[in-house]
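Please read the structure below before turning to the comments.
Labels below follow one simple rule: chain letters A, B, ... track the order of the sequence lines, proteins then strands, and each chain is numbered from 1.
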There are 2 protein chains.
Amino acid sequence: MIKAERQQLLTKHIANKQSAQLKELSELLNVSEDTVRRDIKELADLGIIKAVRGGAIAHSPVPHHYRERENLQVTQKEIIAQKAVRFVEDGQVVFFDGGTSTLAVAAALRKDIQITVVTNSFPVVNILEDYPSAEVIFIGGRLNKKAFTTFGSETIDAIRTIKADISFLGICSIDLEYGITTRDYEDCIIKKNIVANAKRVIALSTINKVGTAEPFVVCSVNAIDVILTDDAIDEKTAALFEEQGVLIQ
Amino acid sequence: MIKAERQQLLTKHIANKQSAQLKELSELLNVSEDTVRRDIKELADLGIIKAVRGGAIAHSPVPHHYRERENLQVTQKEIIAQKAVRFVEDGQVVFFDGGTSTLAVAAALRKDIQITVVTNSFPVVNILEDYPSAEVIFIGGRLNKKAFTTFGSETIDAIRTIKADISFLGICSIDLEYGITTRDYEDCIIKKNIVANAKRVIALSTINKVGTAEPFVVCSVNAIDVILTDDAIDEKTAALFEEQGVLIQ
DNA sequence: ATTATTTTTGCATTAAATTGCAAGTATATG
DNA sequence: CATATACTTGCAATTTAATGCAAAAATAAT
């Protein structure tokens, strides 16, 4: 049996049984437990199943709570957030996109800030509940249970009626040639409308997302006003971004 | 059985039974009480269940910060909620007003229910995030940081565009003569529009709210289809309500 | 076809995690 | 206060994971 075939079988088995042990898989696939372990690791790296001690389990369909994922790259996001809050001034209308980067920015705002926040992200609202002087406008729509945001035509319509002073945009991928791109279609449409309706767009991107591209195009690089990253970008690339009229920090 | 599988089982068991003791879990999972204790600790650290002396209990479906007001009348609200869920059927569009009574109803829905929920209440969304088959439409607007709901003209506009099969209305005060009334003006406007746009209005009221009145009038009693209370109402009053075409339970 | 190169696989060794037990400590309950 | 119950801690036995290495298989190059 070829490796790919074996891994397909393994995946299917996990999908049916929800979980499986090394020994059981080793017997089923007629290979050593080491090989099963390696297969599991490969499939887990691709996000297809989840490797656990003793075997593998199916990926949980819905995350328990969005706070779980908040822990990824906390320090990098903190760096970006500190850069970002300097752009926010009292009296402004500020839009927060979904995602953990923008969430970190919201959490980094000083408690007494007097701004109007517009968002379609439930986690952002959770943070800002405790900010007495921040007026919060929530953009309604259909609930995305994975991202904890709203989406759909109502959301789009609402975004179009508000022209924010600053819009913080969480970035999936950004590239000089391809612009800003996302993996998710609905997310792309939302971001497109955010960009189109903001006076100033500030994109938040960890350095490893720079120079990558995804299927759905949000906008070209020159539609962005500022890009904030967690680390210094090499001078050559920085110059190329600045040629496009983008401030990169 | 591998650890991950065992912990999944434990989680499920707690979710069903709401609580469990060490011995019981030890027998169910065929491991020592020490191991159960360690599993509980791990799951508790992830926030999935809550460890207590002697075993574990389910996390309250309502997040902590919403719970301040929940202290009072939990059992009464549970009684109302159990009455309420019987009115909900798969395929319906159901509106949930803000407030703890309606929240209790949302929490009492069975996990696999297939309905479309419309609400302007953040706590309701928090509950329904874990309901895989429930489509959730959130009504946007300005954030009310005390009630954790949205309000304002956008909210009203959105409510007007949706005609729910059932609307659950949390009641401040209800009286045969004065009808349904509230203390808060904005809340009154919201409720007014909910009542005007629902096919069937189910009002939720603890018995002590019957026969009281507040400044702002939502609607007269005959605009309500059903009133659910936590205790039997005296027959004379009940008859008077039923004269107005209201089913009272 | 033959050789070289890469990939895959299984095994041995080492490192790490899990588990149950026991002794001591803390907490509840009458 | 006394007693029972539950919790903590350390430890040893067992299981599982990671790593390096060599043989086998597959693939590419000649």
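When the nearest nucleotides of DNA chain C are assigned to A/E42 and B/R6 by heavy-atom distance, the more 5′-ward of the two goes with A/E42.
A perpendicular orientation is assigned to the rings of A/Y185 and A/F216, their planes being inclined by more than 60° (bins at 30° and 60°). Note: B/F122 and A/F122 have perpendicular aromatic rings, judged against thresholds of 30 and 60 degrees for the angle between ring planes. A tilted orientation is assigned to the rings of A/F96 and A/F168, their planes being inclined by 30° to 60°.
Of all heavy-atom pairs between B/S26 and B/S32, the closest is OG-C, 4.1 Å. B/I14 and B/A20 make their closest contact through CD1-CB, 3.7 Å (heavy atoms, listed as atom of the first residue, atom of the second, distance).
B/T182 and B/D184 share no donor-acceptor pair across their side chains, judged by distance under 3.5 Å alone. Remark: the A/N222 side chain and the A/S220 side chain contain an N/O donor-acceptor pair separated by less than 3.5 Å.
Taking atom NZ on A/K23 and atom C1' on D/dA17, their separation rounds to 18 Å, with Å as the unit. The separation between A/L10 atom CG and C/dT9 atom C1' is 16 Å, rounded to whole Å. Between the P atom of D/dA17 and the CD atom of A/Q21 lies a distance of 10 Å, rounded to the nearest Å. Taking atom CG of A/L25 as the reference point, atom P of C/dG10 lies 14 Å away to the nearest angstrom. Counting to the nearest Å, the P atom of C/dG10 and the NZ atom of A/K3 are 12 Å from each other. We find that CD1 of A/I40 is positioned 12 Å from P of D/dT16, with the value rounded to whole Å.
For residues 28-38 of chain A, proximity to DNA chain C is found at A/V31, A/S32, A/D34, A/T35, A/R38, defined as any non-hydrogen atom under 4.0 angstrom from a strand atom.
Between the side chain of B/E27 and the main chain of B/E24, no donor-acceptor pair closer than 3.5 Å is present.
With C/dA28, C/dT19, D/dT16 as the candidates, the nucleotide lying closest to the side chain of A/R53 is D/dT16.
The existence of a salt bridge linking B/E135 and A/K145 is excluded, since no basic side-chain nitrogen approaches an acidic carboxylate oxygen closer than 4.0 Å.
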Dot-bracket for DNA chain C, please. Rules: Watson-Crick or G-U, both distances under 3.5 Å, ( ) within the strand, [ ] when a pair crosses earlier ones, | for another strand, . otherwise. ||||||||||||||||||||||||||||||
